[in-house]
Amino acid sequence: LGSFMATLIHGVENVVRERGYNLNVVIANDSAEEERRSLEKVIRQQSAGVILFMVDTPGEAHPNCYDYLRLREAGVPVTEFRAAVIVGAGSLSFEMIRYLTERVPIMICPSWVYTRIQPIAIGNVLDYLVATLDVPASVGQIIEIGGANAITYGEMMTGYAAERADHAFHDIMRAAL
């Protein structure tokens, strides 16, 4: 379990328990079969509710989308959050931006670099998840979440590069003094 997900789960777990709820975390390790078994278990246990967090992959259907529909058909209240890009150390999107910016300073840009996104910080994701506990109207909803600003992946990379360069300059100056 990466530090990104561990941080997210730990934060949610603390708040959920403070409010008197139990939390069952399903970690499928990118295994569609393991995820399917976990979803079937949720249905069998007749859980009081489920909060899903889906990170969208444009152009790809989730391998267990039918199983998620079965949750709703079984009468399990489902609140689903969707985000395209979560910014936080360890998140796939952030690590991709970091890797490309630090290791591939010059490249022929693929078309996805110009795709507009609304990145959201991990702290804001936690705020949404916690707020769900206090908003009964969120049950059964699909909630698209994102930051306030729409930027391209390219703009995100240049912003990261500028920030990284600034820190590198300060590190060099501090070492020189």
Query raised in the report: Where is the tightest heavy-atom contact between Y114 and T152, given as atom of each residue plus distance?
Result: O-CG2, 3.6 Å
Query - Side-chain heavy-atom pair Y153, R116 within 4.5 angstrom cut-off - result: no
For residues 124-132, which side-chain donor-acceptor pairs fall under 3.5 Å, sequence neighbours excluded?
residue	atom	partner	partner atom	Å
T132	OG1	Y128	O	2.9

Query raised in the report: How far does CD1 of I120 sit from CD1 of I145, to the nearest 0.5 angstrom?
Result: 4.0 Å
Report summary line: Heavy-atom closest pair (I86 atom, A83 atom, distance to 0.1 Å) is CG1-CB, 4.2 Å
Query raised in the report: What pairs with E95 under side-chain hydrogen bond (donor to acceptor under 3.5 Å, both in side chains), at least two apart in sequence or on another chain?
Result: R98
Query raised in the report: Can you name the salt bridge (charged side-chain N to carboxylate O under 4.0 Å, His left out) partners of R37, sequence neighbours left out?
Result: E33
Requested in this report: Would you check if E102 and Y160 make a side-chain contact, meaning some heavy-atom pair closer than 4.5 Å?
Outcome: yes
Report task. List for me each residue that meets side chain to side chain contact (heavy atoms under 4.5 Å, CB included) alongside Q118, sequence neighbours excluded, and say none if there are none. Result -> A150
Query raised in the report: Any ion pair linking E34 and R36 (charged N to carboxylate O, less than 4.0 Å)?
Result: no
**Report entry** Any T101 side-chain heavy atom under 4.5 Å of M156 side chain
**Finding:** no
**Report entry** Worked verdict on I143 versus T79 for side-chain contact (heavy atoms from CB on, under 4.5 Å)
**Finding:** CA-CA 8 Å; I143 304 167; T79 301; 3.9 Å; yes
Would you tabulate the side-chain donor-acceptor contacts of residues 134-142 under 3.5 Å, counting partners in other chains and residues two or more places apart, or write 'none'?
residue	atom	partner	partner atom	Å
D134	OD1	R19	NE	3.3
D134	OD2	R19	NH2	3.0
S138	OG	V135	O	2.8

